[in-house]
Amino acid sequence: MSDTLEILLPDGSSRSLPTGATALNLAESIGSRLAKVALAAIVDDVVVDLSTRLTNGSRVEIVVPTSVAGLDVLRHSTAHVMAQAVVRLWPGTHFAIGPTIDNGFYYDFELPDDQRFSELDLTRIEDEMRVIISESQPFVRREHSMAEGLELFGDQPFKLEIIRAVQAGGTSEDTSEAGDGTIISTYQNTDTFTDLCRGPHVPTTARLGIFKLMRVAGAYWRGDEKRPQLQRIYGTAWGTKDALDQHLFQLEEAERRDHRTLGAQLDLFSFPPELGPGLAVFHPRGGVIRRVMEDYSRKRHVEAGYEFVYSPHITKGDLFETSGHLQWFSDGMYPPMELDEGQRYYLKPMNCPFHLLIFKSRQRSYRELPLRMFEFGSVYRYEKSGVVHGLTRVRGMTQDDAHILCTRDQMQGELTSLLSFVLEMLREFGLDDFYLELSTRPPEKAVGTDEEWSEAESTLEAVARAEGLELVLDEGGGAFYGPKISVQARDAIGRTHQMSTIQLDFQLPQRFDATYVASDNQRTRPIMIHRALFGSVERFMAILIEHYAGALPTWLSPEQVVIVPVASAHADFAYKFSDDLRREGVRVSVADATEPLGARIRNAKMQKVPYILVVGNDDVSNGTVGVNARGSNDPERDVMTLAFTERLLAEIASHGRPEVV
RNA sequence: GCCGGUGUAGCUCAGGGGUAGAGCGGUUGUUUUGUAAACAACUGGCCGGGGGUUCGAAUCCCUCCACCGGCUCCA
């Protein structure tokens, strides 16, 4: 055996090290500063501890805190430090799992004697973590047999369960906690604290410290609501102080955009306690936004060949027996009211069965297909009490729901044009950063044959691929009657929202025995496509409000122009121009001179009105306005009224926003 | 539904066993203003609901409700 190793570095160079050298030795040989910040190493594409001995010819990259791999390692190690801190503060704690998540980590605990964490405990735990970090504890990796592992964690029931699960084959979640199935690995920090973990970890706790514990929450063991509920602590951790601050700033930014806050500030909607959770009323200003959204949607759907249908909010239960909804989702439906000698009536949670009945109301010919039925259908779902959330998760909502019945031959073409229709509409609302998700057959909860499912799935996949957007697989995420494509949109601050869904359904037409007469004179089963573009109108509005931070594009703004006369003497001119604008369909008001100019401008700015027009002596004499556009601190003077009107109408027509000069 | 937190005026919040407060808002009057807060007076509350402890409860205890953050769920 030679006494040197050749190691390939990411920049293409190579470096010789003595046999037996570790990744840390490599980092040291490259530079002492690198060695000081090094967290782990990537050896032939696998992230490993710095203590790993290198082998000749390996490609090695030293992992630093600012890289994706580095963040993952330091978050994971920080989670272990948190576990140790909790165990120190609450001896006898059972600790469960502590993975990394986007932007941070969590760890699940069961405190002794049914104790609970409070928010105040977070500071105590943080302080204890900082002590552990200042102790520069090493992370010492060891490997054990299964039997040793069971022995080592004899007093940790959750760890024992994980080890036994790994022994039995295990899920990827288990193996990431423990090891690969024949051996398990542990990391020891001190004589009294060892955790089961696959690793890798930072070499010493001294590498950590840029973190913050965020919140405490309940979480079911293994995500199963029938199993014990543990106490979960969430934290965030970063490679630099700046990155942490940036992340905290992002959270504040998200809070600033919260549609619930903006909805109250801008007087758009509210949730009167008298109505019950998850039931919203739209105020006049919110009503404008909603009406404009719906009107635009109607116009586009008419152009795209949809026909408009209507259905009642309540129906006998038979309908949902036939559709299968009662079987799968009765928990999520409002309980029935019994009428007419035991007849059970339900509020509708879905529109599709109604549309099928419309299809079935008479014999259908292939010449009528594809038949596209659209409805703004209000549905009611009894969401569990803990899940309602602003307009995004409500108990009463309106779907922009459509069902397309078509032949098997038409299916692919129909889906293709549908997908581009959907994306084009979303772009008109200012969302333009998309990816697609394909949700496939749910394992336990599906009707239909394997052939039907695989045909549906492969058709959807082909359509999604043809669109050329990024496609992500969501295994088992489909509905019980068919797979779906969902359009995911990234908003202005990088969050993703599930927007439109397109579902392919061979089942409901069968369950309802829907048929059409084909060109060969045979009764034939149609294919059904379910699709919602906004999803729910309420939720879509919420997403738009957050995307634009309340400053909606001019065409959607509840109030588009406020005219502010400098003094009462200019009121006539202001009202005259507001009449002109209103005749052009502009939503405009005049702020009379009862308050100082600055106050009236401030009020309009706080309402995020796109244009504030100030009119004074010069304007009255010259037929001009002073234009204060939203987002600008530098108003334009002496703009001719006609020029402003043209510019405004063009902006509204193009779905634009005020151009800040 | 489960875990934790929070409920005081329309809004944002202070007060923590002894007569319920501020700012903003609203109303009225005065002010007539060139680009983000004029001045004054007035108005505002079963301190989330119910029960209990106490001579006395916004304050302490129990319970219900609502909201907030998560978990589970999401046709």
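Below, read A as the first sequence line, B as the second, and so on, with proteins coming before strands; counting in each chain starts at 1.
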Looking at the base of B:rG34, is there any donor atom on it, or on the side chain of A:Asp619, that sits under 3.5 Å from an acceptor on the other one?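 In this structure, the two groups form a donor-acceptor pair.
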Spell out yes or no: do the side chain of A:Arg215 and the base of B:rG4 have one donor N/O and one acceptor N/O closer than 3.5 Å?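 Not at all, since no donor on one side and acceptor on the other fall under 3.5 Å apart.
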Proximal nucleotide (of [options]) relative to the [X] side chain:
X: A:Val566; options: B:rU33, B:rU32, B:rA37; answer: B:rU33
X: A:Leu597; options: B:rA66, B:rU32, B:rU33; answer: B:rU33
X: A:Pro635; options: B:rA37, B:rC71, B:rU35; answer: B:rU35

Watson-Crick or G-U wobble mate for B:rA58, both contacts under 3.5 Å: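 Across any shown strand, B:rA58 pairs with none.
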Could you measure between the two [atom1] atoms, the one in [N] and the one in [M], and give it in whole Å?
N: B:rG45; M: B:rU8; atom1: P; answer: 14 Å
N: B:rG16; M: B:rG21; atom1: P; answer: 14 Å
N: B:rC42; M: B:rG23; atom1: P; answer: 12 Å
N: B:rA75; M: B:rG7; atom1: C1'; answer: 35 Å
N: B:rC46; M: B:rA57; atom1: C1'; answer: 13 Å
N: B:rG4; M: B:rU63; atom1: P; answer: 12 Å
N: B:rU35; M: B:rA40; atom1: C1'; answer: 26 Å

Classify the angle between the aromatic ring planes of [X] and [Y] as parallel (below 30°), tilted (30 to 60°) or perpendicular (above 60°).
X: A:His325; Y: A:Phe320; result: perpendicular
X: A:Phe480; Y: A:Trp328; result: tilted
X: A:Phe117; Y: A:Phe109; result: perpendicular

Quick one: is [X] getting a side-chain N or O under 4.0 Å of the [N] phosphate, OP1 or OP2?
X: A:Arg260; N: B:rG69; result: yes
X: A:Arg232; N: B:rG70; result: no
X: A:Arg227; N: B:rU72; result: no

Under 3.5 Å donor-acceptor, A:Gln115 side chain and A:Pro112 backbone: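 Yes.
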Counting the atoms with a prime plus P, OP1 and OP2 as sugar-phosphate, which does [X] contact under 4.0 Å by heavy atoms, base, sugar-phosphate, or nothing?
X: A:Pro565; answer: nothing
X: A:Tyr220; answer: base
X: A:Asp224; answer: nothing
X: A:Thr594; answer: base

Using atom [atom1] of [X] as one end and atom [atom2] of [N] as the other, report the distance to the nearest whole Å.
X: A:Met333; N: B:rC74; atom1: CE; atom2: C1'; value: 15 Å
X: A:Asp331; N: B:rA75; atom1: CG; atom2: P; value: 14 Å
X: A:Glu595; N: B:rC39; atom1: CD; atom2: C1'; value: 12 Å
X: A:Tyr346; N: B:rA75; atom1: OH; atom2: C1'; value: 15 Å
X: A:Asp474; N: B:rC74; atom1: CG; atom2: P; value: 11 Å
X: A:Phe480; N: B:rC74; atom1: CZ; atom2: P; value: 12 Å
X: A:Arg441; N: B:rA75; atom1: CZ; atom2: P; value: 16 Å
X: A:Tyr234; N: B:rG69; atom1: OH; atom2: C1'; value: 10 Å

With a sphere of 6.0 Å drawn around OH of A:Tyr382, does it hold more than 12 non-hydrogen atoms of other residues, nucleotides or ligands?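 Counting other residues, nucleotides and ligands, OH of A:Tyr382 stays at 12 neighbours or fewer.
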cation_pi(A:Arg232, A:Tyr106) dist<6.0 Å, angle<=45: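 Cation-pi check for A:Arg232 and A:Tyr106: passes.
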Find which nucleotide of RNA chain B each of A:Ala569 and A:Asn603 is nearest to by heavy atoms, and output the residue with the more 5' nucleotide.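 Looking at the nearest nucleotide for each, A:Ala569 comes out on the 5' side.
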Which residue lies more 5' along RNA chain B, comparing A:Val615 with A:Glu225 via nearest heavy atoms: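 Closest to the 5' end, via its nearest nucleotide, is A:Val615.
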No-hydrogen, no-angle side-chain donor-acceptor test under 3.5 Å, A:His530 and A:Gln503: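 A:His530 vs A:Gln503: no donor-acceptor pair found between side chains.
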Near RNA chain B, which residues from residues 378-403 of chain A have a heavy atom under 4.0 Å away?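 RNA chain B contact set from residues 378-403 of chain A: A:Arg381, A:Lys384, A:Ser385, A:Gly386, A:Val387, A:His389, A:Arg393.
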Set of residues satisfying salt bridge (charged side-chain N to carboxylate O under 4.0 Å, His left out) with respect to A:Glu457, sequence neighbours excluded: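 None.
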